[in-house]
Amino acid sequence: MIALHDKEFVPFISNEEIKNAIAKMAQEIEKDFKNDVPVFVGVLNGSFMVVADLASKYHFDCEFTFVRLSSYDGIQSTGKVKKLIGLNQVLAGRSVVIVEDIVDTGTTVLELKKLFEKENVKCLKFATLFFKPEAYQQSIKIDYIGIDIQDRFIVGYGLDYKGLGRNLQNVYQLK
Ligand code: IMP
Ligand code: MG
């Protein structure tokens with residue numbers, strides 16, 4: 001068991017399981033894009049670990065960039081999404097794969113879809129390490145999913161509770 005701020009968390013998903021899930025996602029993306037040069041867009045802060053592992057498992061030409069768009073404050077999704085920051089690359093005509101650490105209600109995905117559609121991309125795909133099917137409220141397809149999880153609050157592997165826990169190599173759930 002671990003403690004972060006005022007909360008306790010118990011082990012949930014091992015590092016090995018996470019690595020295997022990301023390798024599988026990379027394979028699926030390779031199948032779709034090996035004859036193209038996709039741009040992976042990591043959504044900060046949470047996605048930095050996933051993007052690094054995805055990069056090491058993706059064996060064809062590709063590019064990486066990061067944006068910031070956060071909707072979370074503590075353990076409750078606020079429903080309010082902030083602006084997109086950091087997109088300084090022309091994506092018109094490109095195949096874009098947005099990489100998320102976790103998709104919960106889908107508010108962030110909806111906002112990202114609206115924002116990236118304005119960029120006239122060739123194709124837009126969504127990849128996420130963790131997906132909460134019970135919490136998801138959108139009809140947008142999540143193209144590449146690492147691991148489906150129950151609607152529980154988790155930390156580790158990029159995911160935080162009030163800033164802490166991102167560096168944990170295994171994933172923990174709220175006790
Ligand atoms: P959504 O917009 O409700 O899908 O929430 C997406 C964002 O909320 C993610 O990118 C995370 O930053 C945060 N989030 C959602 N669920 C969790 C969780 O279980 N642990 C930590 N952060 C979470
Ligand atoms: Mg995120």
Side-chain angles (χ1 to χ4, degrees), residues 1-15 17-19 21-22 25-26 29 39-55 64-87 96-119 124-175:
M1 195 172 71
I2 58 157
L4 300 172
H5 296 293
D6 57 330
K7 301 256 187 283
E8 291 180 327
F9 296 84
V10 292
F12 183 43
I13 297 170
S14 72
N15 183 262
E17 207 178 320
I18 292 164
K19 295 265 154 121
I22 295 175
M25 285 168 78
I29 300 169
V39 184
F40 290 100
V41 179
V43 183
L44 293 172
N45 288 330
S47 75
F48 70 101
M49 301 266 260
V50 186
V51 172
D53 279 332
L54 204 55
F64 292 89
T65 191
F66 288 89
V67 296
R68 184 182 294 272
L69 181 70
S70 173
S71 70
Y72 236 69
D73 180 26
I75 59 169
Q76 290 278 309
S77 188
T78 59
K80 275 193 211 133
V81 172
K82 293 170 199 159
K83 270 171 55 182
L84 185 67
I85 307 162
L87 188 61
V96 172
V97 181
I98 294 177
V99 183
E100 273 279 19
D101 46 356
I102 191 164
V103 172
D104 183 9
T105 64
T107 306
T108 309
V109 160
L110 176 66
E111 200 66 23
L112 287 165
K113 190 172 160 66
K114 282 188 203 155
L115 290 161
F116 279 86
E117 270 170 353
K118 289 186 200 147
E119 300 292 319
L124 185 67
K125 301 274 187 187
F126 287 94
T128 185
L129 172 56
F130 295 111
F131 182 57
K132 296 180 182 173
E134 293 161 15
Y136 194 59
Q137 291 169 17
Q138 301 301 328
S139 53
I140 299 161
K141 187 183 172 214
I142 307 300
D143 305 279
Y144 312 102
I145 295 172
I147 302 172
D148 278 336
I149 61 165
Q150 287 184 318
D151 191 5
R152 298 270 174 76
F153 189 79
I154 61 171
V155 291
Y157 218 76
L159 290 155
D160 72 305
Y161 169 55
K162 292 187 187 168
L164 298 182
R166 295 192 196 277
N167 56 326
L168 296 166
Q169 293 302 299
N170 301 302
V171 162
Y172 298 75
Q173 71 174 9
L174 188 63
K175 196 184 160 188

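Just follow the structure's listing: the first ligand is 1, and inside any ligand the first atom is 1. A quick note: this is a predicted structure, and the numbers were derived from the prediction, not measured.
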- Message: Distance under 4.0 Å to a non-hydrogen atom of L159: what atoms of ligand 1 satisfy this?
- Response: 21 (C), 22 (N)

- Query: Mind checking whether V155 and D160 have side chains closer than 4.5 Å, heavy atoms only?
  - Reply: no

Which atom pairs, one a donor and one an acceptor, fall under 3.5 Å between side chains of residues 167-175 and the rest of the protein, sequence neighbours left out?
| from | atom 1 | to | atom 2 | distance (Å) |
| --- | --- | --- | --- | --- |
| Q169 | NE2 | N167 | O | 3.3 |
| N170 | OD1 | N15 | N | 2.7 |
| Q173 | OE1 | R152 | NH1 | 3.4 |

- Query: With respect to atom 23 (C) of ligand 1, which of I102, V171, L44, L69 exhibits the smallest heavy-atom separation?
  - Reply: I102

- Query: Any side-chain heavy atom of V41 within less than 4.5 Å of one from F116?
  - Reply: yes

- Contact check, R152 vs ligand 1, heavy-atom distance below 4.0 Å: yes

- Query: Going by atom types only, do D6 and Y161 share a side-chain donor-acceptor pair under 3.5 Å?
  - Reply: yes

- Query: For K132, is the nearest heavy atom under 4.0 Å from an atom of ligand 1?
  - Reply: yes

- Can you list the ligand 1 atoms lying under 4.0 Å from a non-hydrogen atom of G106? 1 (P), 3 (O), 4 (O)

- Partners passing side-chain contact (heavy atoms from CB on, under 4.5 Å) against K113 (at least two apart in sequence or in another chain): E117, L124, F126, I140

- Task: Side-chain contact test, heavy atoms from C-beta onward, threshold under 4.5 Å: evaluate it for D151 versus D104 and give yes or no.
- Result: yes

- Counting both backbone and side chain atoms, is some N or O of V155 under 3.5 Å from an N or O of ligand 1? no

- Under 4.0 Å to a heavy atom of D160 - the qualifying atoms of ligand 1, by number: 21 (C)

- Message: Using a 4.0 Å cutoff against the non-hydrogen atoms of T108, which atoms of ligand 1 qualify?
- Response: 1 (P), 2 (O), 5 (O), 6 (C)

